[in-house]
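These notes are about the structure you will find just below.
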Amino acid sequence: MAPDPGSLEALLAAREVVVFCGSGGVGKTSVAAAAAVAAATRIGGKVLVLTIDPARRLADALGIEAFGNIERRVDLANYTDDEPRGELFAAMLDTKRSWDDLVLRHAPDEATAYRILHNRLYHNVTARFVQSHDYIAMERLFDLHSSGVYDLIVIDTPPTRNAIDFLEAPARMSEFFGGRLLRWLTMPYRVTGARGARMINVASRPFYQVADRVLGSQFLQDIAEFFVNFQTMYDGFVERAQAVERLLHDRRTTFAVVTTLEGAPLREAEQFCRELTARDFHLGALVLNKTLPSYLLAEEGERAAVTLERDSDALALALETTRSPELADPSATARVLRTLGNSFRSYEVVARREAELRSELSRLPEVVVTVPNFESDIADIAALARIGEYLFAH
Amino acid sequence: MGAAPDLLERRLLFFTGKGGVGKSTVTAATALLAADRGKRVLLVEVDGKGNLTALFEHAPVGFDPVQVYPGVFAMQMSTEASLREYLKVQARVPVLGRLGPLARVFDFVANAAPGVKEILTVGKVCWELRASLQGRANWDLIVVDAAATGHVIGQLDAPRAIQELVHVGPVRNQTDWMVNLLSDPALTALNVVAAPEEMPVNETIELVARARQELAVPLGVVIVNRVLPELFTHADEVVFDALREPDATDVLTRMAGPGAVAVLDAARLAVSLRRGRSTHLTRLREGIDLPLLLVPYLFVRDHGLRVTRMVADAIGQELGY
């Protein structure tokens with residue numbers, strides 16, 4: 001049976017790459033993994049989920065490790081009623097390893113690669129520069145996609161201060177390496193060689209004066225030396241970054257924004273939806289995660305809650321007639337009834353807040369799915385499969 | 001244990017936590033609590049998106065502190081502004097009316113060089129603290145909404161990292177007094193905001209262990225946000241289970257309407273949500289040896305000053321006020 005055209009299932013069936021994004025704490029990693037489980041089970045083909053920073057128990061459940069960029073096959077047979085139609089693979093991003101691979105690929109020779117990899121600033125630069133964490137995730141995605149092994153790749157995005165940072169990472173990467181800035185900064189060192197006498201270029205003079213004053217010249221020289229080596233990788237890097245950017249814009253790629261129905265994450269999600277559209281990325285779906293059940297909004301529920309609190313004594317006496325030994329003490333029963341009514345109304349307030357926030361959402365993508373708040377942690381494939389049922393429901 | 005009650009008697013409080021746990025709300029609430037207790041508070045937003053002041057229903061602020069609530073002065077950290085101030089006041093480099101193209105170059109170096117951005121951030125905070133201690137500024141308390149758990153060690157350890165990298169020069173001399181202030185348990189504390197959920201608890205336990213190992217900054221308290229209430233005592237839970245038996249449910253729906261089923265379902269949900277989270281709370285309690293302050297989950301609709309005050313009240317209660 002063909003999936004409903006407005007469903008996440010149809011979206012995933014039609015794409016090769018799905019990027020899940022959203023602010024921290026909304027459950028992005030679990031939702032991405034659940035979508036991959038559902039796709040492998042119901043759509044078929046070879047599905048890969050690339051996660052960035054999963055909870056340890058989830059990583060264990062998927063059989064993946066933080067080191068080595070290794071893709072592992074996940075056995076789905078025990079978790080679904082029907083025979084899974086496809087296969088699931090999982091991998092975790094090894095940032096350090098991915099950067100090292102990139103350097104090894106693009107350095108002009110082994111000696112330069114060695115100098116870069118062993119520079120004491122290398123780790124620091126790769127850890128911070130141009131949101132490299134974001135960049136390397138997209139770079140790894142590109143690598144996996146061009147391997148041609150997988151029919152669908154589901155990727156989780158790194159926690160960033162700003163959810164859109166990673167979108168700009170490839171462009172920033174090429175701007176950085178292509179920029180005059182880098183050339184200008186390393187100029188005095190390129191003229192005479194990194195270890196030669198320091199010959200300050202006129203243009204950069206005021207900068208070096210300030211920097212010397214603040215940082216000391218040896219330190220600055222270390223930095224420049226590092227960049228001189230790094231710059232040898234210019235062509236390869238820029239070409240690669242542009243290819244990564246093309247993949248993100250490709251019609252085979254779509255984005256799914258994950259959020260909870262809470263003020264701050266939701267505002268960020270909306271902002272992100274706007275940015276995606278403005279930058280011509282394909283906004284495929286919005287996932288409203290960890291929501292409260294809709295029965296909290298039913299009027300008859302509220303009426304009952306009010307009655308339970310108000311008429312707790314009368315109800316307790318009536319319940320005594322059931323002859324249940326646990327309900328033999330009307331004062332205890334009445335206390336529990338009041339607690340029930342009170343608790344319902346507390347949760348109702350939150351459910352109503354969620355409903356209001358939801359109704360204020362504008363410019364929604366075609367696919368909007370709602371996933372309830374699960375009572376337990378998402379720590380195994382069975383739990384992912386349960387989320388998957390909600391993701392693919394319509 | 002035990003240092004919790006005098007938390008607000010320190011002079012510099014950093015707050016960190018995993019994204020999504022309510023770090024900014026707790027930071028703002030602590031500032032509000034201190035201000036309500038008569039202190040003049042500098043609230044510093046370091047890693048935020050410029051909306052910390054929304055928690056006081058105030059417009060965004062810049063590098064210069066603005067009073068956003070009686071006794072709370074908020075500022076948004078800017079490494080460039082911090083550098084300009086440093087150059088002017090400390091290094092006495094003739095300014096530089098505008099950093100102009102230098103700003104981009106600076107940004108470049110600051111990104112690449114270890115600790116430069118961090119030292120300007122932490123340096124500014126330390127500068128305000130020292131000025132207050134020496135009577136040149138009058139902040140009773142500085143409250144910092146610091147980097148998230150993944151980056152806070154690097155941020156607060158910057159002065160020491162710089163000491164290791166830069167062996168001479170004015171920066172080196174500057175870092176000595178900063179390290180002294182930051183490592184003084186009478187003055188400074190790093191506090192962690194958590195939520196009783198799997199990942200935030202894991203990150204909190206890991207961070208506390210790492211901070212002990214790698215950081216000179218003393219640890220203060222762990223504030224657990226969004227703790228769900230315990231609905232029933234054990235005895236009451238037995239009554240609740242009996243109410244879910246068919247006979248009892250019949251009585252309830254007859255007398256309170258068909259919505260009684262939803263009320264019972266909602267309570268079951270509340271009980272299991274609480275139970276799921278309490279295992280993480282237990283794990284947190286066992287995994288760290290710092291005072292835990294519990295802030296209840298707030299069943300409210302809005303998110304402005306009223307909520308900040310409710311969180312402040314909860315923290316105050318936990319501190320014994």
Side-chain angles (χ1 to χ4, degrees), chain A residues 23-26 55-57 121 124-125 128-129 159 161-162 181 185 206-207 210-211 213-216 219 223 227 263 265 293 295-296 298 300-305 307-308 311 315 318-319 322 324 326-327 332-333 335-336 339-341 343-344 346-347 349-350 352-353 373 375-377 379, chain B residues 18-21 47 49 87 91 93 96 102 104-105 108-109 111-114 116 148 150 165-172 198-200 202 231-232 235-236 238-243 245 247-248 251-252 255-260 262-267 269-270 272-273 276 299-301 303:
Chain A
S23 59
V26 298
R56 196 163 305 129
R57 286 191 295 159
L121 293 177
N124 186 66
V125 172
R128 304 157 197 265
F129 207 67
R161 249 185 65 186
N162 196 330
L181 199 56
L185 188 69
F207 168 70
V210 173
R213 200 80 186 256
V214 180
L215 297 166
F219 182 50
I223 296 173
F227 281 124
Y295 64 70
L296 290 168
E300 58 182 32
E302 196 195 339
R303 268 203 301 276
T307 309
L308 255 55
D311 303 341
L315 282 162
L319 284 160
T322 61
S324 159
E326 289 83 14
L327 302 176
T333 308
R335 186 173 62 235
V336 171
T339 305
L340 289 176
S343 170
F344 182 88
S346 293
Y347 276 85
V349 169
V350 180
R352 224 165 270 295
R353 184 177 75 202
N373 199 340
E375 291 153 25
S376 52
D377 303 316
Chain B
K18 180 176 158 46
V21 299
D47 200 37
K49 297 156 190 161
L87 291 175
V93 171
L96 280 197
L102 279 183
R104 273 189 78 201
V105 180
F108 176 93
V109 172
N111 268 306
V116 172
L165 277 165
V166 186
H167 297 286
V168 288
V171 165
R172 167 75 208 208
E198 184 173 17
M199 285 296 269
N202 293 353
L231 271 195
F232 304 120
D236 283 356
V238 174
V239 176
F240 172 56
D241 288 338
L243 290 174
E245 294 295 325
D247 284 356
V251 173
L252 286 176
M255 293 180 68
V263 175
L264 290 168
D265 284 348
L269 176 71
S272 39
L273 284 176
F299 295 96
V300 292
R301 282 178 60 172
H303 266 289

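Convention: sequence-line order gives letters A, B, ...; per-chain numbering from 1.
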Tell me the closest heavy-atom pair linking [X] and [Y], and the distance in Å.
X: A:Ser324; Y: B:Ala242; result: OG-CB, 3.9 Å
X: B:Ala260; Y: A:Ala304; result: N-CB, 3.3 Å
X: A:Ala318; Y: B:Met255; result: CB-SD, 3.4 Å
X: B:Ala248; Y: A:Leu319; result: O-CD2, 3.6 Å
X: B:Phe299; Y: A:Ser346; result: CD2-O, 3.3 Å
X: B:Val263; Y: A:Gly301; result: CG2-O, 3.5 Å

Of the listed residues ([options]), which shares the most heavy-atom pairs with chain A below a 4.5 Å separation?
options: B:Asp265, B:Asn202, B:Asp247; answer: B:Asp265
options: B:Asp241, B:Val239, B:Val21, B:Leu273; answer: B:Val239
options: B:Gly20, B:Ser272, B:Gly257; answer: B:Ser272

**Report entry** B:Leu264 side, atom CG; A:Leu308 side, atom CG - distance, nearest 0.5 Å
**Finding:**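 Result: 7.5 Å between the selected atoms.
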Report task. Could you grab the distance from atom CZ of A:Arg335 to atom CZ of B:Phe232, nearest 0.5 Å is fine? Result -> 10.5 Å
Query raised in the report: What pairs with A:Tyr295 under ring pair (Phe, Tyr, Trp, His ring centres under 6.0 Å), at least two apart in sequence or on another chain?
Result: none
**Report entry** A:Ala305 portion near chain B, given a 4.5 angstrom heavy-atom threshold
**Finding:** both
Query - A:Thr333 portion near chain B, given a 4.5 angstrom heavy-atom threshold - result: both
Report task. Could you tell me whether a side-chain N or O of B:Arg301 sits under 3.5 Å from a main-chain N or O of A:Val349, the two making a donor and an acceptor? Result -> no
Query raised in the report: Tell me, side chain or backbone of B:Met199 under 4.5 Å from chain A's heavy atoms, or both, or neither?
Result: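 Side chain of B:Met199 only, per the 4.5 Å heavy-atom cut-off to chain A.
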**Report entry** Between A:Asn373, A:Val26, A:Asp311, A:Leu296, the one whose heavy-atom pairs under 4.5 Å with chain B are most numerous
**Finding:** A:Asn373
Query raised in the report: Do you know which of A:Leu315, A:Leu340, A:Thr322 makes side-chain contact (heavy atoms from CB on, under 4.5 Å) with B:Leu243?
Result: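 Looking at A:Leu315, A:Leu340, A:Thr322, the match for B:Leu243 under the side-chain contact (heavy atoms from CB on, under 4.5 Å) is A:Leu340.
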